J.: 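Take a look at the following structure, please.
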Amino acid sequence: MRRTLILTTAAAVLASALTAGAMAIGSGSGGIVSPIRIHVVERPVTDQVIDIGAPNDSPGDQLPFANPIFDSRNRHRVGSDQGNCVRASTAQGRWECTWTTFLHRGQITVEGPFRDAFPTTVLAVTGGTGAYRNVRGQMTLHTRRDGNFDFIFKLQP
């Protein structure tokens with residue numbers, strides 16, 4: 001009897017979780033239907049600055065990249081990203097960046113600043129495709145101690 005109660009409870013919890021997930025990301029063509037949070041980790045294995053204009057670090061330098069994306073525990077690959085940052089100010093240590101994160105259910109594009117001396121910054125979500133076709137919101141970029149980056153998307157329909 002106790003085993004049946006435990007299995008029934010577990011099945012109910014699982015069904016509730018699956019229903020909530022399906023409601024957040026609509027099964028139809030409309031995209032997400034309620035706010036969601038997605039946390040992934042970028043491993044910056046291709047980042048390389050291209051020196052343009054004045055020698056060394058100067059405005060206009062480029063930082064193109066295409067990196068693997070992992071789950072929030074940084075264990076399983078769940079996607080990739082690609083984009084570019086342009087050095088906006090060496091005095092402020094500021095880059096202006098645009099990139100797309102490719103996940104299983106679609107793509108999310110962001111734009112905004114990255115500061116060399118600040119471990120956390122917030123970028124604007126400018127759009128998406130697939131399950132994220134109707135999104136708006138923001139992405140928090142956090143530099144991790146291991147040299148990787150947390151991408152924490154807070155998306156709204």
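From a predicted model like this one, the values you see are computed outputs, not experimental measurements.
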J.: Only counting residues at least two apart or in another chain, list the ones meeting side chain to side chain donor-acceptor pair (under 3.5 Å) with Asn148.
T.: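 With sequence neighbours excluded, Asn148 shows a side chain to side chain donor-acceptor pair (under 3.5 Å) to Asp146, given in chain and number order.
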J.: Side chain to side chain contact (heavy atoms under 4.5 Å, CB included) between Phe149 and Val41: does it pass, once the steps are laid out?
T.: CA-CA 6 Å; Phe149 296 99; Val41 177; over 6 Å; no
J.: Should Val122 and Leu141 count as side-chain neighbours, where that means a heavy-atom distance under 4.5 Å?
T.: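 No, too far: nothing below the 4.5 Å cut-off.
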J.: Hey, mind stepping through Thr109 and Thr126 against side chain to side chain donor-acceptor pair (under 3.5 Å) and telling me if it holds?
T.: CA-CA 6 Å; Thr109 301; Thr126 59; 5.0 Å; no
J.: Please confirm whether the backbone N or O of Ile32 pairs with a side-chain atom of Asn134, one donor and one acceptor, at under 3.5 Å?
T.: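 Checked: pair present.
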J.: Apply side chain to side chain donor-acceptor pair (under 3.5 Å) to residues Asp61 and Trp95 and explain how you reach the verdict.
T.: CA-CA 9 Å; Asp61 288 352; Trp95 297 86; over 6 Å; no
J.: Please determine whether residues Ile152 and Leu103 belong to a single hydrophobic cluster, defined as Ile, Leu, Val, Met, Phe, Trp and Tyr linked transitively by side-chain heavy-atom distances below 4.5 Å.
T.: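 No, because Ile152 and Leu103 fall into different hydrophobic clusters, even though each may have its own neighbours under 4.5 Å.
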J.: Determine, stepwise, if the pair Trp99 / Leu123 fulfils side chain to side chain contact (heavy atoms under 4.5 Å, CB included).
T.: CA-CA 10 Å; Trp99 73 85; Leu123 297 95; 3.8 Å; yes
J.: For Pro35 and Pro157, work out which heavy atoms get closest and say how close.
T.: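 So the minimum-distance heavy-atom pair works out to N-CD, 4.0 Å.
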J.: So Ile108 and Thr100, do their side chains get closer than 4.5 Å, heavy atoms only?
T.: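 Of all side-chain heavy-atom pairs linking Ile108 with Thr100, none is under 4.5 Å.
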J.: Among Thr140, Asp150, Asp71, find the one that has a side-chain hydrogen bond (donor to acceptor under 3.5 Å, both in side chains) with His39.
T.: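 Of the listed options, the one satisfying the test is Asp150.
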J.: Determine, stepwise, if the pair Ile38 / Ile36 fulfils side chain to side chain contact (heavy atoms under 4.5 Å, CB included).
T.: CA-CA 7 Å; Ile38 300 172; Ile36 62 171; 3.9 Å; yes
J.: Side chains of residues 62-69: which donor-acceptor partners sit under 3.5 Å, not counting sequence neighbours?
T.:
from	atom 1	to	atom 2	distance (Å)
Gln62	OE1	Asn84	ND2	2.5
Gln62	NE2	Gly60	O	3.1
Asn67	OD1	Val45	N	3.0
Asn67	OD1	Thr46	N	2.9
Asn67	OD1	Thr46	OG1	2.9
Asn67	ND2	Glu42	OE2	2.9
Asn67	ND2	Asp47	OD1	2.9

J.: Is there a side-chain contact between Thr101 and Phe151 (heavy atoms, below 4.5 Å)?
T.: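 With C-beta onward as the side chain, the pair touches.
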J.: For Gln156, which residues count as a side chain to side chain donor-acceptor pair (under 3.5 Å) partner, sequence neighbours excluded?
T.: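 By the side chain to side chain donor-acceptor pair (under 3.5 Å) rule, Gln156 matches Arg136.
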J.: Do Arg94 and Phe114 form a cation-pi contact, if we require the NZ or CZ to be under 6.0 Å from the six-membered ring centre and within 45 degrees of the ring's axis?
T.: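 Output no; distance or angle outside limits.
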J.: Could you pull out the closest heavy-atom pair between Val125 and Met139, with the gap in Å?
T.: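 Nearest pair, atom of Val125 first, then Met139: CG2-N, 4.1 Å.
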J.: According to a 4.5 Å side-chain heavy-atom criterion applied to Ile, Leu, Val, Met, Phe, Trp and Tyr, with indirect links allowed, do Phe70 and Val78 form part of one hydrophobic cluster?
T.: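 In one cluster: no.
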